[in-house]
Structure formats: C-alpha cells, structure tokens
There are 2 protein chains.
Amino acid sequence: MNIKEAGKRANLPAKTIRYYEEVGLIRPLRDTNGYRAFRPQDVHKLGFLGRARALGFTIEDCRVLLSLYEDQSRASADVKEIAQRHLTQIAEKIAALKAMQDTLSHLVTCCHGDDRPDCPILADLAPPS
Amino acid sequence: MNIKEAGKRANLPAKTIRYYEEVGLIRPLRDTNGYRAFRPQDVHKLGFLGRARALGFTIEDCRVLLSLYEDQSRASADVKEIAQRHLTQIAEKIAALKAMQDTLSHLVTCCHGDDRPDCPILADLAPPS
DNA sequence: CATAGGGGTTCTAGTCACTGGAAGGTCAAG
DNA sequence: CTTGACCTTCCAGTGACTAGAACCCCTATG
C-alpha cells in the first residue's frame, strides 16, 4: 500500500506520515522503486499515533506510548502516569486560557466599540506609569 | 537606560526585548558605544507589549494594538474587534483542550494503573481494526 | 596597570510538529 | 507517447522566543 492510501486509512496527510518516519515512529518497508510499502500493522500504528496526537500527546509521549502498546508485558501504571502528567499540563493550559478569557471578555464588554478613541482595553494594556 | 534595567522595569527578559526590536515593535536609540538606550516611553511600550502578550495576543496583534494605542484619533471599535477575534480563538482552544481533558480523564479513572498490562487508555488509542 | 566581573553586542541554531514547495522519478490509462 | 497522478528527497518557513558562542565595554580593585 502506498503512502496516500495509508494516509487515507489512518486519516493522516502523507507529509505527516513521512515526518513520523523521519523521527522514527514508524518504519515502513520499501518497494523496489523506492516507494514506501505500508503493511496493515503500519497503518494500525499510524491510527494509534493519530489518535494519541489528537489527544494532545507530544511526539515523545507517542513514542513511549507506542512502545508500551506493543509491549505485552507492560504495566498499565506506566501508561497511566504519562496520561496523568499530560492531564496536568492540559489543566494548566486551560487555566491560563481561562484567565485570559476572563480578563479579556470583561474588557470587551466594557468597550463601547464605536468611532471614539476611549478604550478600556487599551487602558488596561497600558502599564501603570 | 540599558537593556537589563529596561527589562527589569517592564518585567521582560533582555533577549525578548532584543527580539521585539528585531521584529520592529520598538526602536530604542543607541549610545555611542552601540548599547541600546531606552527612554521612559520605550519602557512604557515594553510594558504594554508584555501585558498584551500575557493576554495571548500575537506579535502581529501587538503591532496593531500598539499603533492604535499611540493613535489619538483611533476608533475603539478597531481595538474591540481585535480583542473579540482573539477571544474567539481562546474559546476554541479551551474547547479543544476540554475535549481532550474529558476523554483523557475518563480513561485515566478507568485505568487500574498497576503492574498488569490491561489498559483502557491504550485500548482507546488503538484504532478499531 | 592588569585584571576580574558584570554589563553589552551580534550571529547562529534550536525549539515543536508539521507544512509548502521545488525538482525530479514512476506508473497506469488513453 | 503523452498526460496526469502518484511517488521521492531536500530545503525553508511557521511563532515567539531561548541558549550559547564569540567578542566588546566599563568600572572597581589589588
């Protein structure tokens, strides 16, 4: 199976798949013409990677998760720990974004938004001189 | 005033200030020895930029916001529109992160996290084959 | 006067996970 | 035989810094 077909099945762009190979996440075989030859298990891995990336795991997390996935003697605790660390980071990002959102949405409701220059948004951005 | 002192007052690292000059957000004068010479209004601008960046505005947004800030004949509507667009993007990011959070936190609570291989997290990552 | 330290300068390269584009090889259909 | 859709590699760009190297400047002290 060529790269485009593999991408279609795993729902990933060909460019992304080439990148995943470059960073060593997958190792598809090669046809005699140099084309990548994807086996079903390669496509399966790609699907795994796509899902893990969609959940926000980094490439390095994906590398570890994939190796755990393929390790029949893994401990689920190892997987859980990675997921929990990731959850912590997600929570931090959400908190930071919410803080921005709170501040900004307040300022936006305060701003007339007309053709006059007075603007509480700019007033808030200005440092206390 | 040298760069470090300016950074202290605006609460920004010197490296960041040099970067802001490189992309044209500020234009400090130069001493005869080549050192950047920051005037109070430069520090004021840096404070503005620091605050705007802390609210998540992009550098390009900052550029426009700064020019509006310095334009006494601005229309507050222009400022408000930028802020509202940014708010929309923040909301999208929060929604995406929350979706990840929901999925992952559910999976994490389902995972025993012991030394056995069974793991609902990995099971969820695996594509339906 | 030499030197030590704490400033400053520029430049390059690295971060993260792709993404776009150029230049060129391969293959199946008409 | 040509067209067009594939495929390949390699290089550059994204955003907003950040680390580090190599070098210059200034002041204070022994």
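First the proteins, then the strands, lettered A, B, ... as listed; each starts at 1.
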Test item: B:R53 and B:I59 side chains (from C-beta on) under 4.5 Å apart, heavy atoms: yes

Output a table of donor-acceptor pairs, distance under 3.5 Å, between side-chain atoms of residues 115-124 of chain A and any protein atom two or more places apart or on a different chain; print 'none' if there are none.
from   : atom 1 : to     : atom 2 : distance (Å)
A:R116 : NE     : A:D114 : OD2    : 3.0
A:R116 : NH2    : A:D114 : OD2    : 2.6
A:D124 : OD2    : B:R51  : NE     : 3.2
A:D124 : OD2    : B:R51  : NH2    : 2.7

Nucleic acid contacts of residues 47-55 of chain B, taken as heavy-atom distances under 4.0 Å to DNA chain C: none

Nucleic acid contacts - residues 83-94 of chain B versus DNA chain D, non-hydrogen atoms under 4.0 Å: none

For DNA chain D, the residues among residues 25-38 of chain A that have a non-hydrogen atom under 4.0 Å from it: A:R30, A:G34, A:Y35, A:R36

Where A:S76 and B:G113 come nearest, the two heavy atoms and their spacing: OG-N, 3.2 Å

Contact boundaries on DNA chain D for chain A, cut-off under 4.0 Å to non-hydrogen atoms: D:dC6 to D:dT9

Shortest non-hydrogen separation from A:L25 to A:C62 and the atoms involved: CD2-C, 4.5 Å

Contacting residues from residues 3-12 of chain B, given that a heavy atom lies under 4.0 angstrom of DNA chain C: B:I3, B:K4

Considering all heavy atoms, the nearest A:V23-A:R63 contact: O-NH1, 2.8 Å

Degree of bending, the helix from C:dC1-D:dG30 to C:dG30-D:dC1 (end axes from five pairs; round to 10°): 30°

ring-ring contact (aromatic ring centres under 6.0 Å, His included) partners of residues 46-65 of chain A, not counting sequence neighbours, each pair once: A:F48-A:Y69, A:F57-A:H86

Side chain to side chain donor-acceptor pair (under 3.5 Å) partners of residues 91-106 of chain A, not counting sequence neighbours, each pair once: none

Side chain to side chain donor-acceptor pair (under 3.5 Å) partners of residues 11-39 of chain B, not counting sequence neighbours, each pair once: B:E21-B:R30, B:E21-B:R36, B:R39-B:D42

Interface limits on DNA chain C, where chain B has a heavy atom under 4.0 Å of a nucleotide atom: C:dG7 to C:dT10

Close side-chain approach of B:L46 and B:R9, heavy atoms under 4.5 Å: no

Residues in contact with DNA chain C, drawn from residues 56-69 of chain A - heavy-atom cutoff 4.0 Å: A:T58, A:I59

